[in-house]
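Let me begin by presenting the structure, written as structure tokens, before commenting on it.
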Amino acid sequence: MGNNQMLVFQAITKYHHATMVELVRESNLSSPVVKQILEEMESRGYVEKQMLNTSSKGRNANVYSLNHKKFMILGLFIDERTVDISIRDALSHTHYENHLYLKETKELEDFIVTLVERFAVTCVSVAAAGIVDGLYFYRNQKGTLGQFGICEQLSKRLSIPVIIQNDVKTMMMGYVANHTIKDLAYVYFSTTGVGSSYCFHKQMIQGVHHYSGELGMIPFYGKSINEIIQSGVDDQVMKNIITQIITIVSVTIDPQCIVIAGKNIPFHLEKEIKESCKTYLGDRYDLHLEFRNVPLLDVMEGVHYLGIQRLFEEYVKQGEKA
């Protein structure tokens, strides 16, 4: 039943307000199964049902949506020097937004706790630039790997789920949540390097050690790509780096789409990059590339999506124990 519940949940999340017909079609489940799942979700307060007056003739349809009070997500993106905060409910209504320069960990932690209490938040979902391990993330600080445990501390102070994910993986899930593409490679360029994330049938691929996608470690003229980007590069060098990465991702993953995102990408060279890739890849690969300069939009969509998903996983677990 757990898998079926997740299919219905994903369908409701996609439509926000969905009829039985839409849920059956989207989940590919039978009407009796969907009806049983909805009745259980409604009885436990996770789904709300409203009557939709479609016309003056015929029967009115019921419309189902997630209970926004059960799914109030505080999304947090901890970038290299800044923090973005967004509190949104299951219907994507934004209740609070802020963009801050990175504070001391304790000060930020106290601020988050205050927001959780003020807005009755039910999950804190964090994306962090760096390597994520458990509730900690690590990033390079003056040649050494610094450890940050704000999520660990928040989990001790709060009685709600606190989750954390790598920034690029979160961006990818934010993109996937709003597109029909199921097989995707998402490549993100920052001022400190490049990382990527992959999904297959909308399921994230993380690797044995959860380190898949570290494209910045690839050698490029005697140095790693990350080292070259950190030292500063002109547009032509960046064009060659992007071309190499697209070629490598294409021949190893062969995704339906490759998204190239970031603020330091030479977007005016997009046509040249595509032509260079075609020179190496030929006609065997039906290359679908999308260049995006809105990674912040994707990452905030991602923390919201992953937070709602985590809460529903908790719902399924509680049902299995009952």
Below 4.5 Å, heavy atoms only, C-beta onward: do [X] and [Y] meet side chain to side chain?
| X | Y | answer |
| --- | --- | --- |
| M238 | I229 | yes |
| V126 | F137 | no |
| N98 | L115 | no |
| S125 | I163 | yes |
| K70 | L311 | no |
| Q5 | Y315 | yes |
| I160 | V124 | yes |
| S197 | N166 | no |

request  = For E97, check side chain to side chain contact (heavy atoms under 4.5 Å, CB included) against everything at least two apart and list the hits.
outcome  =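 E97 satisfies side chain to side chain contact (heavy atoms under 4.5 Å, CB included) with S86, T94 only.
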Restricting to side chain to side chain contact (heavy atoms under 4.5 Å, CB included), what partner residues turn up for R25, sequence neighbours left out?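 Scan of R25 (side chain to side chain contact (heavy atoms under 4.5 Å, CB included), adjacent residues dropped) gives Y15, V21, E22.
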Checklist entry - Does T192 have any side chain to side chain donor-acceptor pair (under 3.5 Å) partners at least two apart in sequence or in another chain, and if so, which? => result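 Partners of T192 by the side chain to side chain donor-acceptor pair (under 3.5 Å) criterion, ordered by chain and then number, come out as E80, S190.
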Could you state the interatomic distance from [atom1] ([X]) to [atom2] ([Y]), rounded to the nearest 0.5 Å?
| X | Y | atom1 | atom2 | result |
| --- | --- | --- | --- | --- |
| E214 | S224 | CD | OG | 11.0 Å |
| I150 | E152 | CD1 | CD | 12.0 Å |
| I258 | F291 | CD1 | CZ | 9.5 Å |
| I242 | T247 | CD1 | OG1 | 11.5 Å |
| Q153 | E109 | CD | CD | 5.5 Å |
| I260 | N293 | CD1 | CG | 13.5 Å |

If Ile, Leu, Val, Met, Phe, Trp and Tyr residues are connected whenever their side-chain heavy atoms lie under 4.5 Å apart, and connections chain through other members, are [X] and [Y] in the same group?
| X | Y | result |
| --- | --- | --- |
| L289 | V176 | no |
| L74 | L91 | no |
| Y64 | M41 | yes |
| L154 | V303 | no |

Might you confirm whether atom NZ of K274 has over 12 heavy atoms from other residues, nucleotides or ligands at distances under 6.0 Å?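 Above 12, so yes.
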Can you tell me if CG on D286 sees more than 12 non-hydrogen neighbours from other groups inside 6.0 Å?
->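 For D286, atom CG is not crowded (no more than 12 foreign heavy atoms under 6.0 Å).
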Taking [X] for its side chain and [Y] for its backbone only, find out whether a donor-acceptor pair lies under 3.5 Å.
| X | Y | answer |
| --- | --- | --- |
| D183 | H201 | yes |
| H17 | I12 | no |
| S196 | G213 | yes |
| D84 | F77 | no |
| N226 | V194 | yes |

Quiz prompt | Criterion side-chain contact (heavy atoms from CB on, under 4.5 Å) against L29, the qualifying member of V8, L23, N3 | solution =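 Answer to the side-chain contact (heavy atoms from CB on, under 4.5 Å) test with L29 among V8, L23, N3: V8.
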- Could you please spell out the steps behind the side-chain contact (heavy atoms from CB on, under 4.5 Å) verdict for M172 and V168? CA-CA 6 Å; M172 181 199 66; V168 188; 5.9 Å; no
Mind running side-chain contact (heavy atoms from CB on, under 4.5 Å) on H95 and M72 for me, showing each step along the way? CA-CA 9 Å; H95 298 259; M72 189 69 72; 3.7 Å; yes
Are D235 and K239 close enough for a salt bridge, meaning some N to O gap below 4.0 Å?
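No, this pair does not count.
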Quick check: closest heavy atoms across [X] and [Y], and the distance to 0.1 Å?
| X | Y | value |
| --- | --- | --- |
| C277 | L287 | CB-CD2, 3.8 Å |
| A185 | V249 | CB-CG1, 3.6 Å |
| I73 | V121 | C-CG1, 4.4 Å |
| P295 | A261 | CB-CB, 4.5 Å |

Qualifying side chain to side chain donor-acceptor pair (under 3.5 Å) pairs with a residue from residues 276-285, counting only residues at least two apart or across chains
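Non-adjacent pairs meeting side chain to side chain donor-acceptor pair (under 3.5 Å): K278-D283.
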ask   = Among pairs that include at least one residue of residues 305-314, which meet side chain to side chain donor-acceptor pair (under 3.5 Å), considering only residues two or more places apart or in two chains?
value =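 For residues 305-314: R310-E314.
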Plane angle bin for F119 and Y96 - parallel if under 30°, tilted between 30 and 60°, otherwise perpendicular:
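Ring orientation of Y96 relative to F119: tilted.
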Could you give me the CA-CA distance, side-chain angles and deciding distance for L269 and Q236, then say whether side-chain contact (heavy atoms from CB on, under 4.5 Å) is met? CA-CA 9 Å; L269 296 178; Q236 285 301 317; 4.0 Å; yes
| request: List the steps, then state whether salt bridge (Lys or Arg N to Asp or Glu O under 4.0 Å) holds for K49 with E39. | output: CA-CA 10 Å; K49 180 174 66 176; E39 288 176 348; over 6 Å; no
Item to complete: Write out all pairs satisfying ring-ring contact (aromatic ring centres under 6.0 Å, His included) with one or both partners inside residues 163-198, taking only residues at least two apart or from two chains.
Response: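 Passing the test, one end in residues 163-198: Y175-H179.
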